[in-house]
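To start, the structure itself, in structure tokens.
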Number of protein chains: 2
Amino acid sequence: MAQEQKSSRTTIHDLARVAGVSVSTVSKALNDTGRMGEDTRARIKRIAEEIGFRPNALARGLLSRRSFTIGLLTNDTYGRFTLPLMAGVSEALVDKGVSVFLCAIEDDPERARVHVEAMLDKQVDGIIATGKRIDRALPVDLSNLPVPVVYAFTAGPPNSITYASDDAQGAELAVAYLLSLGRTRLVHITGPDMFIAAVERAEAFRKLAGEGAPVLYGQWTESSGREAVLDLWRQGGRPDGIFCGNDMIARGVIDGLRELGVSVPGDVSVVGFDNWEIVASQSRPPLTTVDMNLKELGRQAGLTVLALGEGQILEPGLRKLGCSLVVRGSCSHAPIDE
Amino acid sequence: MAQEQKSSRTTIHDLARVAGVSVSTVSKALNDTGRMGEDTRARIKRIAEEIGFRPNALARGLLSRRSFTIGLLTNDTYGRFTLPLMAGVSEALVDKGVSVFLCAIEDDPERARVHVEAMLDKQVDGIIATGKRIDRALPVDLSNLPVPVVYAFTAGPPNSITYASDDAQGAELAVAYLLSLGRTRLVHITGPDMFIAAVERAEAFRKLAGEGAPVLYGQWTESSGREAVLDLWRQGGRPDGIFCGNDMIARGVIDGLRELGVSVPGDVSVVGFDNWEIVASQSRPPLTTVDMNLKELGRQAGLTVLALGEGQILEPGLRKLGCSLVVRGSCSHAPIDE
DNA sequence: TTGAAAGCGTTACCAT
DNA sequence: ATGGTAACGCTTTCAA
């Protein structure tokens, strides 16, 4: 049938028997601890290799009180933010033998609790909480757990360690780029002002583009971007550079500009935010956009929970990681006037 | 500092001491095994609740040889297919106390091996292999593992249990819908014919739309869809219904039609495939599309590995799950001619 | 009805 | 240089 080879796993006892030594000797040989003849050690290692012995992490964890396992909790259903983050966490930790439990909770406190308890039962060495916005917390209280918790891209309680991308710096990057291209009449089209990320980006935008530069709050959707740009032109606005709060909005903006017969990047340069590959690279023209380096964020969050789990004492607080600009085709130098 | 409450976990010994009984009595009370006074049982349960005792799954697993843990292996970086699937797996298994290790491998056999071995060391009860296309295998051999493996949305070896969506049925659904609207001149615009999914959908399309109905293979991208439609019109094609191989293509198609001044859904009805929410709902008009029910697929795959892990013998083979049609705004009834 | 003891697979310590 | 033994937290006989 379908599951023939389910050979029972070989244990350290089997290995000891085959090698003709005691279990403790095998253990020491394999872990490079204790003192023993290099020949014996090598021989045991070779035999272990041959019979395909792999130590049972459950038994190991029982003794060491470390499971080499961490939990990643998220309420970001699409995985827009979670997957890159997860990739970073995973990449940083595989080599240390750490595996990651992924738990997707859909803003359901009950399910969230169940997931968290399941992870705790499994003795995870730590938990990374993540989500889709930095100013909202997950629907579950993680503050009195017996394991360290690190927050990444979601709000943590006071005194927690939280990782986030530097929205202001990212926005500055985008605006500075537009300015460097000679674009002077800038507009910012973004999501709802209830999002702190939107506000921070907007403030950074104003700082560089001038306090009077228009900021248009709306939704994080294409249609919102498109309508904003249509309204703008209807009202006589004629920016030559548009910085968008995310890539979806940017697509809508480009869409709207096409409808208006305005050339991108000829007449107007457009910059997005998120570098959501699938959206940014498929737009026409491909989108120049800000990348939040979520993978790096994940990597650091992963390393941090692990360090906390090993007993290191780290300063609590918010840690902002820099963004970078990914240049594609939606921006060009402003035409020389005379 | 940041990790104050790391109280050492309470064990069954603590609980036994508090309750004034032996560990074995506690164990039996909590597991509803053995015989004992209902009052004692209730009292122990209550105390367990009070002091927040939760059994150590590592210890439990050591004994029972079950870790209540499974691994999900994927090479789908964007998570387009993996996340819905994962949601299904997770949803079906949380209640059974099973947690899921997610391992994203990027077509790197080396990393894949490392991940698989890490999971095996952790004594996973089974592995679900998944990916981004049904006719390619993951870059790692999973066929001689000591745990059951189920394949979902990725190719498995002969005699394995594989879950996939029913591409033909999904395509039929789409085409039948177009026909039911009175659309008669149908075209299919899809991805590369190297994808078996593309071919199967195309065949199903031809079966219903007529053997002569045009099938245009291209890429799975927006630009490919747009160009196909532009070419089509340039060459004088005037379909009134377009079935697209995926939602990205459908977006491109709609985009191209707008450029041509063709109304969707007035002049042409468009159906997509995938129901990639973020793409389908944001297109103008929102996309009517085929949903592969990946969540259900995940649920079944999850239940199946678990069953195999419990020793059940199941028939190997490919199991196709039905798709459903999600109606949005991109289709309408054909105008009455006279 | 309850408890003592063995054992799951591993590591650490102390003898030999 | 190597091996015996205890211990990690739990479940499961088996005895009382």
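Reminder, nothing fancy here: chain letters follow the sequence lines and each chain counts from 1. Computed from a predicted model, the values in this text were never measured in an experiment.
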Any pair with a residue in residues 39-91 of chain A that passes ring pair (Phe, Tyr, Trp, His ring centres under 6.0 Å), sequence neighbours left out, goes on the list, sorted by first then second residue, please.
-> Phe81(A)-Phe153(A)
By a strict heavy-atom criterion of less than 4.0 Å, which residues belonging to residues 11-26 of chain B are in contact with DNA chain D?
-> Thr11(B), Ile12(B), Ser24(B)
Which ones in residues 28-43 of chain A lie close to DNA chain C, meaning a heavy atom under 4.0 Å from one of its atoms?
-> Asn31(A)
Val116(B): which of Leu73(B), Ile105(B), Asp121(B) passes side-chain contact (heavy atoms from CB on, under 4.5 Å) | Leu73(B)
Going through the distances and angles, do Asp141(B) and Ser143(B) end up as a side chain to side chain donor-acceptor pair (under 3.5 Å)?
-> CA-CA 6 Å; Asp141(B) 179 22; Ser143(B) 58; 2.6 Å; yes
Give the rounded distance in Å between these two atoms: CG of Leu63(B) and C1' of dT11(D).
-> 5 Å
Should the heavy atoms of other residues, nucleotides or ligands under 6.0 Å from CG of Leu30(A) be counted, would the total exceed 12?
-> yes
Round to the nearest Å and state the distance from Gln123(A) atom CD to dT10(C) atom P.
-> 18 Å
Answer yes or no: does a side-chain N or O of Arg60(A) lie under 4.0 Å from OP1 or OP2 of dT11(C)?
-> yes
Reckon Arg65(B) has a side-chain N or O less than 4.0 Å from the OP1 or OP2 of dG9(C)?
-> yes
Please report, rounded to the nearest Å, how far the C1' atom of dC10(D) is from the CZ atom of Phe68(B).
-> 13 Å
note: Asn56(B), atom CG; dG9(C), atom P; distance rounded to Å ~ 16 Å
Evaluate the criterion side chain to side chain donor-acceptor pair (under 3.5 Å) for residue pair Thr130(B) and Tyr163(B); output intermediate values, then yes/no.
-> CA-CA 9 Å; Thr130(B) 182; Tyr163(B) 282 92; over 6 Å; no
Roughly, in whole Å, what's the span from CD1 in Ile44(B) to P in dC10(D)?
-> 14 Å
Kindly compute the distance separating CG (Asn75(A)) from CZ (Arg111(A)), expressed to the nearest 0.5 Å.
-> 14.5 Å
Steps toward side chain to side chain donor-acceptor pair (under 3.5 Å) verdict (Ser24(B), Ser27(B)) = CA-CA 5 Å; Ser24(B) 36; Ser27(B) 174; over 6 Å; no
From CZ (Arg80(A)) to OG1 (Thr77(A)), nearest 0.5 Å | 14.0 Å
Separation of atom CG in Asp121(B) from atom P in dT11(C), rounded to whole Å = 11 Å
For Leu62(A) and dT11(D), give me the distance from atom CG to atom P, rounded to whole Å.
-> 12 Å
Could you give the distance from CD (Gln300(B)) to CG (Leu85(B)), rounded to the nearest 0.5 Å?
-> 11.0 Å
